[in-house]
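The structure appears below as structure tokens.
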Amino acid sequence: MPTAVLTDRERTAVQAYLRLLHTVRAAFDLEDGPPLVPPAVLAEAEQALERAGLTGNEEVFFRLLENWCPEPSP
């Protein structure tokens, strides 16, 4: 459950990053050659970060990500 209040642009950036992360993980799970990440997925994440004003500010972005999507407890 989200614990931080994100702006629409911040939420879009977090969601785009999570899609990118899942795409990369799936690409590494494939056994038929090197991992391939569709350029559109990467571009979506970059554009969302830029629109949210988070380009080059990874510390703030990952803090938002951690607060909005915390890792489950063991």
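With hydrophobic clusters built from ILVMFWY side chains whose heavy atoms lie under 4.5 angstrom apart, F62 shares a cluster with V14.
For R9, the CZ atom is loosely surrounded, since the number of other residues' heavy atoms within 6.0 Å does not exceed 12.
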Distance-only donor-acceptor pairs under 3.5 Å for side chains of residues 16-28, two or more places apart:
| unit_1 | atom_1 | unit_2 | atom_2 | d |
| --- | --- | --- | --- | --- |
| R19 | NE | E44 | OE1 | 3.4 |
| R19 | NE | E44 | OE2 | 3.3 |
| R19 | NH2 | E44 | OE2 | 2.5 |
| T23 | OG1 | R19 | O | 2.8 |

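Screening residues 46-55 for side-chain hydrogen bond (donor to acceptor under 3.5 Å, both in side chains) gives no qualifying pairs among residues at least two apart or on separate chains.
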